[in-house]
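We're numbering straight along the sequence, starting at 1. These values consider heavy atoms only, across backbone and side chains, with no hydrogens, waters or symmetry-generated copies.
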Amino acid sequence: MNLDAPALLAFLTIAETGSTHAAARSLGLSQAAISRRLSRLEESLGVYLFVRGSHQLRLSKAGARLLPEARAHLDALMQALAAARAAGPDGIATITVGCLATLSLYVLPAILAEFLAEEPAVRVRVLDLSPAEIEESVVNGVADFAVTMLGLGAPTLIHEVLAQEPLVLVTPLDHPLARLTSVRWSDLSEVSLIGIGPHSANQRLLDSARGSIGVRLDWQHEVQRITTAVELVAAGVGLAVIPSTPEIERRPNIRVVPLVAPVVTRRIGVLRRSGEPLSPAAARLRRLIAIRLGRRGEALGKAGS
């Protein structure tokens with residue numbers, strides 16, 4: 001009998017969710033497709049794997065015996081596929097990571113230097129793209145995982161929150177708002193602001209918080225990178241709303257002021273595909289990123305309290 005991985009996956013998902021309907025939703029398939037896969041597996045084995053009830057499927061004795069073996073075989077298969085995907089055409093293990101531009105500029109270099117000192121035989125590709133492109137790279141299997149802003153899409157992916165960054169106002173040193181200990185969103189109603197492009201993580205967060213902010217912001221100018229916006233602020237072109245970033249806050253000729261009423265935060269973390277294990281090297285890099293970002297988040301929390 002040939003290994004029917006799709007049918008085994010359908011069997012495992014039905015066992016975990018309790019119904020073909022829930023399994024179909026979990027796998028992104030039609031209920032008919034899930035039922036066909038289960039029927040195909042039962043016919044090949046010559047046994048029923050579930051006892052059909054009125055509302056839920058229960059494992060039969062044969063299904064209960066098959067479940068741990070099927071899970072172990074599929075796990076081994078997924079690990080083998082992940083290892084094969086991680087190896088480049090020349091056989092060198094390659095990890096592809098999607099990453100927000102600010103994180104790839106200020107956070108990722110030190111983490112990669114630490115990681116590659118321990119893993120010199122590994123090759124790393126960094127996709128410093130927009131949030132939408134980062135999500136797509138994970139969904140499509142181009143990236144092993146991503147470090148990005150969470151909560152704006154990709155419901156089929158695993159979201160692992162590692163840190164929260166409050167939005168702050170960046171002003172020139174001589175601006176009247178620079179003298180305040182905090183600024184309300186309503187204080188920005190007549191302020192000339194520098195916006196970060198419409199597809200940026202920053203703008204997507206502001207769009208999602210528009211209702212709670214309760215004021216129409218005046219975006220006089222537009223750039224594509226947070227770092228560019230900060231340089232324009234220092235030159236006196238306008239003010240900017242960005243996530244709290246210690247590296248930017250240390251820049252001379254600007255003042256960073258907390259934004260309140262309400263406090264708006266972005267959640268930073270890891271996106272990865274559900275049901276697909278990372279290669280051993282990718283898992284080690286993800287673990288190191290989680291540790292370093294977690295510590296960074298704790299430091300931001302202490303600084304803001």
Decide whether Leu116 and Ile111 are clustered together by the hydrophobic rule: side chain heavy atoms of Ile, Leu, Val, Met, Phe, Trp, Tyr closer than 4.5 Å, transitively.
-> yes

Establish whether Val263 and Val170 are linked, either directly or via other cluster members, by ILVMFWY side-chain heavy-atom contacts under 4.5 Å.
-> no

Main-chain N/O of Pro262 paired with Trp185 side-chain donor or acceptor, under 3.5 Å = yes

Checking side-chain contact (heavy atoms from CB on, under 4.5 Å) for the pair Leu57/Val51: CA distance, chi angles, key distance, verdict?
-> CA-CA 6 Å; Leu57 298 178; Val51 177; over 6 Å; no

Mind checking whether Leu167 and Leu206 have side chains closer than 4.5 Å, heavy atoms only?
-> yes

Rounded distance (nearest 0.5 Å) linking atom CG of Leu129 with atom CD of Glu135 | 11.5 Å

Quick note, salt bridge (charged side-chain N to carboxylate O under 4.0 Å, His left out) partners involving residues 192-201, not counting sequence neighbours, are none

So does Arg287 pair up with Glu114, basic N to acidic O under 4.0 Å?
-> no

Flag side-chain contact, heavy atom, 4.5 Å: Leu103 against Asp128 = no

Report the C-alpha distance between Arg36 and Gln31 in whole Å, list the side-chain angles of each, state the deciding distance to 0.1 Å, and finish with yes or no for side-chain contact (heavy atoms from CB on, under 4.5 Å).
-> CA-CA 9 Å; Arg36 285 195 298 270; Gln31 188 171 352; over 6 Å; no

Apply side-chain contact (heavy atoms from CB on, under 4.5 Å) to Glu165 and Ile268, showing your working.
-> CA-CA 8 Å; Glu165 300 174 340; Ile268 296 297; 3.8 Å; yes

To the nearest 0.5 Å, tell me how far Tyr48 OH sits from Leu41 CG.
-> 13.5 Å

Nearest heavy-atom pair of Val223 and Leu232: which atoms, and what distance?
-> CG1-CD1, 3.6 Å

Report the distance from atom OG1 of Thr148 to atom CG of Leu127, rounding to the nearest 0.5 Å.
-> 11.5 Å

Do Val215 and Val264 sit in the same hydrophobic cluster, where Ile, Leu, Val, Met, Phe, Trp and Tyr count as joined when their side-chain heavy atoms come under 4.5 Å apart?
-> yes

Backbone N or O of Leu180 within a donor-acceptor pair of the Arg255 side chain at under 3.5 Å?
-> yes

Could you state the interatomic distance from CG (Leu105) to CD1 (Ile226), rounded to the nearest 0.5 Å?
-> 10.0 Å

Under a 4.5 Å side-chain heavy-atom rule over Ile, Leu, Val, Met, Phe, Trp and Tyr, are Leu108 and Ile291 clustered together?
-> no

What's the verdict on salt bridge (Lys or Arg N to Asp or Glu O under 4.0 Å) for Glu160 and Arg286, showing C-alpha distance, side-chain angles and the deciding distance?
-> CA-CA 11 Å; Glu160 181 184 359; Arg286 186 213 62 80; 2.9 Å; yes

Can you check whether Ile196 reaches Gln203 side chain to side chain, under 4.5 Å on heavy atoms?
-> no

Does a side-chain heavy-atom distance below 4.5 Å link Val256 with Thr171?
-> no

Is it possible for you to say whether Val260 and Val257 belong to one hydrophobic cluster, with membership spreading through side-chain heavy-atom contacts below 4.5 Å?
-> no

Quick one: pull up CG in Leu169 and OG in Ser182 and give me the separation to the nearest 0.5 Å.
-> 11.0 Å

Please confirm whether the backbone N or O of Leu173 pairs with a side-chain atom of Asn253, one donor and one acceptor, at under 3.5 Å?
-> no

Kindly give the heavy-atom pair with the smallest separation between Gly197 and Gln224, and that separation in Å.
-> CA-OE1, 3.7 Å

Tell me, do Ile34 and Phe11 make a side-chain contact under 4.5 Å, heavy atoms counted?
-> no

Dump the intermediate steps for side-chain hydrogen bond (donor to acceptor under 3.5 Å, both in side chains) on Gln164 and Thr265, then the final yes or no.
-> CA-CA 6 Å; Gln164 297 197 54; Thr265 61; 3.3 Å; yes

Go through Leu59 and Leu67 one step at a time and tell me if the side-chain contact (heavy atoms from CB on, under 4.5 Å) criterion holds.
-> CA-CA 9 Å; Leu59 285 170; Leu67 183 63; 3.7 Å; yes

Residue pairs meeting salt bridge (charged side-chain N to carboxylate O under 4.0 Å, His left out), one or both in residues 211-234, sequence neighbours left out, come to Glu231-Arg251

Could you pull out the closest heavy-atom pair between Ile158 and Ser274, with the gap in Å?
-> CD1-CA, 3.8 Å

Residue pair Phe50 / Arg58, side-chain heavy-atom distance below 4.5 Å = no

Closest heavy-atom pair, Ala163 versus Leu293, reported as atoms and distance to 0.1 Å, is CB-O, 3.8 Å

Roughly how far, to the nearest 0.5 Å, is the CZ atom of Arg179 from the CG atom of Asp174?
-> 9.5 Å

Is it true that Asp207 and Arg204 make a salt bridge, defined as a side-chain N closer than 4.0 Å to a carboxylate O?
-> no

Pair listing, side-chain hydrogen bond (donor to acceptor under 3.5 Å, both in side chains) test, anchored in residues 96-105, at least two apart = Thr96-Arg125, Thr102-Arg266

For Ser130, does its backbone N or O pair with a side-chain atom of Glu133 as donor and acceptor, under 3.5 Å?
-> yes

Minimal heavy-atom distance between Cys99 and Val126, with the atoms involved, is CB-CG1, 4.2 Å

Do any N or O atoms from the side chain of Asp187 and from the backbone of Arg184 form a donor-acceptor pair under 3.5 angstrom?
-> yes

With the side chain counted from C-beta on, respond yes when Leu285 and Val97 share a heavy-atom pair under 4.5 Å apart, and no when they do not.
-> yes

Does Ser137 use its side chain to pair, donor to acceptor, with the backbone of Gly98 at less than 3.5 Å?
-> no

Minimum side-chain heavy-atom gap Val138-Arg273 below 4.5 Å | yes

Hey, is the main chain of Pro243 close enough, under 3.5 Å, to the side chain of Thr245 for a donor-acceptor pair?
-> yes

Which atom names give the shortest non-hydrogen contact between Arg272 and Phe145, and what distance separates them?
-> CB-CB, 4.0 Å

